[in-house]
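Everything on this sheet refers to the single structure shown next.
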Protein chains: 2
Amino acid sequence: MNILITDTTIIPMAGDQRLWFSGDIGITDSQIAHVGTVPDSFQADTVIDGSNSIVLPGLINAHNHLSMTLLRSYADDMDLFSWLHYKIWPIENRMTAEHIYHGSLLGAAEQIKSGITAFADMYFHQEQTIRAVLDAGMRANIGATFMGDEQASLQRVGAYRDLFAEYDGSGDGRIAIDIAPHAIYTCGGRTLEIASDLAAELSCRLHIHLSESLQEQADCFDAHRMSPLAYLHSRDFFKVPTYAAHCVHLSREDLELCGQLDIHAVHNPTSNLKLGNGVAPITEMLKRGMHPALGTDGASSNNNLNIFEEMHLASLIHKGQTGDPTAVSAYQVLQMATTYGAQALGIDQRTGSLEPGKDADLIMIQTDVPHLQPMHDPIAAVIYAAQASDVQTVICRGRILMHQRVLQTLDEQAVIAHAVEAAEALTS
Amino acid sequence: MNILITDTTIIPMAGDQRLWFSGDIGITDSQIAHVGTVPDSFQADTVIDGSNSIVLPGLINAHNHLSMTLLRSYADDMDLFSWLHYKIWPIENRMTAEHIYHGSLLGAAEQIKSGITAFADMYFHQEQTIRAVLDAGMRANIGATFMGDEQASLQRVGAYRDLFAEYDGSGDGRIAIDIAPHAIYTCGGRTLEIASDLAAELSCRLHIHLSESLQEQADCFDAHRMSPLAYLHSRDFFKVPTYAAHCVHLSREDLELCGQLDIHAVHNPTSNLKLGNGVAPITEMLKRGMHPALGTDGASSNNNLNIFEEMHLASLIHKGQTGDPTAVSAYQVLQMATTYGAQALGIDQRTGSLEPGKDADLIMIQTDVPHLQPMHDPIAAVIYAAQASDVQTVICRGRILMHQRVLQTLDEQAVIAHAVEAAEALTS
């Protein structure tokens, strides 16, 4: 199906082009064909009026645990130990494949309504999350999770080879399978090796939690006399490109190492603040030419999957922390949520910017609302003033997933009802 | 007109009551008559279905410069000096009464759509902002602003006496006139005295910017060898209750003094972060039993008037800064945006909680949306997961200002068009 978007404001995020301009966009089936000027000969099946709209690349949520939507607002304002031991883990132990599917569908619905077209996930029952992603029409890097000791991990290798064989590249390339050892504090040394070896064998990416809390730092220095990143490097962990969530407590030496290896930090500002872990050194990363991505983390420590809120926080907290109002500009934040996210997930050949030849992953933001007018600068408006609910239309690989805020691939109220039922079964 | 809201989730913010419960609400003309159980004999002119909703007191934005909406996204990611001298002040110098009116109307529309029923303002051409507030049906404490030297200030006193006589208590008590000396760095010593004396004469409140930046602190210590708060106190400034915006750099001694005097801090987290000023010591204030209010500041340093974003930030940044995930609970944040705001503005006899006898200022939040479900805890849902756009209905003093997101007192698109026109005239 060909789609023509007319008379709109375009923020292409395409390198050296103008930051924003007015024009049309032409989509041929799954791909972007024209950005700015569309030839008169273009045959559109669907025409969308883009006036009073900003068109952006679909936003990328580079760290998530999708079905933790089931535990939204279930446990808040608690210390990490009590939160995990008394609230989160007891429930997770009871989650079945069916729960994961319904939680994932809810998360997919919420993400589409927040302008997200692609995300990276790390959780259990991966095939259920994949099923939800395919139902929803989104794009996802699905993490095959490792935790625990050698024995537990060796048992998983076969199943993950099968998962990779069956799903990597499925949904016309929308699904990628990555390997996701949870963290150094939940994986034994052999588990980290097994995961890293499997990622190298499959030529996929690694997804891990890294340097999230001071406790993780302290325990690692106690045990290994080095930082979590240095410890992983000492075990030859980084054989493939890696995206690492949090990176709150990376040292200067760690940042140096990230530059040498192919490691992408994923900034999760809400989660890091909410759990009392602090603020990642994003200003320093950007100065060094690193390309940090942006993520929501799971809904249980956020409590939503609203990447607009993460963009808002990322634009503000580093200014406040450094005392420099020029730190982390609106445009840099938008790069984190688009191109840098795509680079982290290894999908930047397909998505992350509006350029002919890329997959048609894009969102339309309504601008004729009081909180976005007057609009002296569309990029500042998106980062500092817009809400997720301003996203009216979401297109992924040329398919309309939401139009005028109505989901096209999912029955929103049915998705909510099933998820609420699953959550009630788990928590009662 | 009597309004009945049925079968809803109520967060009353009324002291020792249960934090939330299910029930009905009965409104008789301008006042709340029943909360929880409404007698069968209650005669309603309008019945609103409250299922799938949370009802809260109308939110209070305790520090604003309403018509700065005209400068939204006009100048961002700049240092404070360049921002003020090259961008904001040159435009402000060209603002006429007509510009202020249209900017104020836009701000009123935006605030209603964000669930705000009352706010405190500090700007010029106060009668235009009052006109907009009365048109919109909101509640406001309007600051009669002082800046500059003795001569300039003495000229204003007569006009402000007239302003107070004409408008204080107008709109059936919805308008209060306060005295607003801008800050110690923009007001000479005699201007501070003149303002303080006038506030005492009129028995109204003082509204001032206080300890916003390190520069203000440093200059005050240089000139007076004491903090801005101590300097004001040394001049016998605090003759009446005062609400002070920002309070980022209050010392332990300053906090002690706030406790002794009737000084209400107004927390403006977005503005303080965005301008690189830092984070106010809210955790310390709450520990001392102070009741900080919450504000957006003007849209030019935010860039919106979205009190949900301020609540979200207030719930997160102090956890991140102190490393304590139990710091500043969701309920405390909601107190800041309701009861504490009403106390700061001296309107807590009328508004800020849902109790029989108070004015009917309340909002309804839609809950059957993906990002609020499942809803294990309505208070956590409001603070950590809700967006301003979830506010469906806004009632102020018994009058419906918005229903199903449609403004009832203002023509939204006309308001936007006039404001855009005013902004274009100012910036071209």
Side-chain angles (χ1 to χ4, degrees), chain A residues 70 72-74 76-80 83 106 109-110 113-114 214 270 272-279 302-306 309 312-313 315-317 319-320 322-327 329-330 368 370-371 373-377 380-381 384-385 387-389 412-413 415-416 419-420 423-424 427, chain B residues 70-74 76-80 83 106 109-110 113-114 214 270 272-279 302-306 309 312-313 316-317 319-320 322-327 329-330 368 370-371 373-377 380-381 384-385 387-389 412-413 415-416 419-420 423-424 427:
Chain A
L70 296 179
R72 187 199 311 282
S73 306
Y74 176 62
D76 300 285
D77 303 334
M78 295 177 72
D79 71 273
L80 188 64
W83 183 72
L106 180 65
E110 183 186 356
K113 297 200 87 173
S114 305
L214 284 174
T270 298
N272 297 156
L273 293 170
K274 186 159 190 280
L275 297 176
N277 287 320
V279 175
N302 189 304
N303 296 343
N304 56 33
L305 307 176
N306 182 335
E309 286 181 359
H312 195 235
L313 277 172
S315 72
L316 295 174
I317 57 176
K319 292 176 169 67
T322 60
D324 176 6
T326 72
S329 71
D368 57 342
H371 62 278
Q373 293 294 335
M375 199 171 68
H376 298 288
D377 176 348
Y384 295 119
Q387 301 174 51
S389 55
E412 183 173 327
Q413 289 305 319
V415 165
I416 292 173
V420 168
E424 277 170 5
T427 56
Chain B
L70 296 179
L71 298 180
R72 186 199 312 281
S73 306
Y74 176 62
D76 301 284
D77 302 334
M78 295 176 73
D79 71 273
L80 188 65
W83 183 73
L106 179 65
E110 182 185 356
K113 297 201 88 172
S114 305
L214 284 173
T270 298
N272 297 156
L273 293 171
K274 185 160 191 278
L275 297 176
N277 287 319
V279 175
N302 190 304
N303 297 342
N304 56 31
L305 306 176
N306 182 335
E309 285 181 359
H312 195 235
L313 277 172
L316 294 174
I317 57 177
K319 292 176 169 67
T322 60
D324 176 6
T326 71
S329 71
D368 57 342
H371 62 278
Q373 292 294 334
M375 200 170 67
H376 299 287
D377 176 346
Y384 295 118
Q387 301 175 51
S389 56
E412 183 173 328
Q413 288 305 318
V415 165
I416 292 174
V420 168
E424 277 170 4
T427 57

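Just so we're on the same page: letters track the sequence lines, and every chain starts at 1. Basis for what follows: all heavy atoms, side chains included, without hydrogens, waters or symmetry-related copies.
Across all their heavy atoms, B:Val420 and A:Gln373 have their closest contact at CG2-OE1, 3.5 Å. The heavy-atom pair separating B:His312 from A:Thr270 by the smallest distance is CE1-OG1, 4.1 Å. Between B:Pro370 and A:Arg72, the shortest heavy-atom distance links the atoms O-NH2, 2.9 Å. When all heavy atoms of A:Pro374 and B:Leu70 are compared, the pair lying nearest together is CG-O, 3.4 Å.
For B:Lys319, the side-chain hydrogen bond (donor to acceptor under 3.5 Å, both in side chains) test picks out A:Asp77, B:Tyr384, with sequence neighbours left out.
For the side-chain contact (heavy atoms from CB on, under 4.5 Å) with A:Leu316, the lone residue among B:Leu273, B:Leu275, B:Asn302, B:Ile317 that qualifies is B:Leu273.
Rounding to the nearest 0.5 angstrom, the gap separating the CG atom in B:Leu313 from the CD atom in A:Glu309 is 9.0 Å. The CG atom of A:Asp368 sits 4.5 Å away from atom CD of B:Gln413, with the distance rounded to the nearest 0.5 Å.
Checking side-chain atoms of B:His371 against main-chain N and O of A:Asn303 turns up no donor-acceptor pair under 3.5 Å. In this structure, the side chain of A:Gln387 engages the main chain of B:Ser389 through a donor-acceptor pair within 3.5 Å.
In this structure, chain B has heavy atoms under 4.5 Å from both the backbone and the side chain of A:Ala388. Heavy atoms of A:Asn306 lying under 4.5 Å from chain B belong exclusively to its side chain. In this structure, the portions of A:Lys274 lying under 4.5 Å from any heavy atom of chain B include both its backbone and its side chain.
Interface summary for chain B: among A:Ser315, A:Ser329, A:Ser114, the most heavy-atom pairs under 4.5 angstrom belong to A:Ser329. Annotation: maximal heavy-atom pairing with chain B below 4.5 Å, among A:Val415, A:Leu214, A:Thr427, occurs at A:Thr427. The most heavy-atom pairs under 4.5 Å with chain A, out of B:Gly320, B:Pro325, B:Gly276, B:Ala380, come from B:Pro325.
Side-chain contact between B:Met375 and A:Ser73: absent, with no pair of heavy atoms (C-beta onward) separated by less than 4.5 Å.
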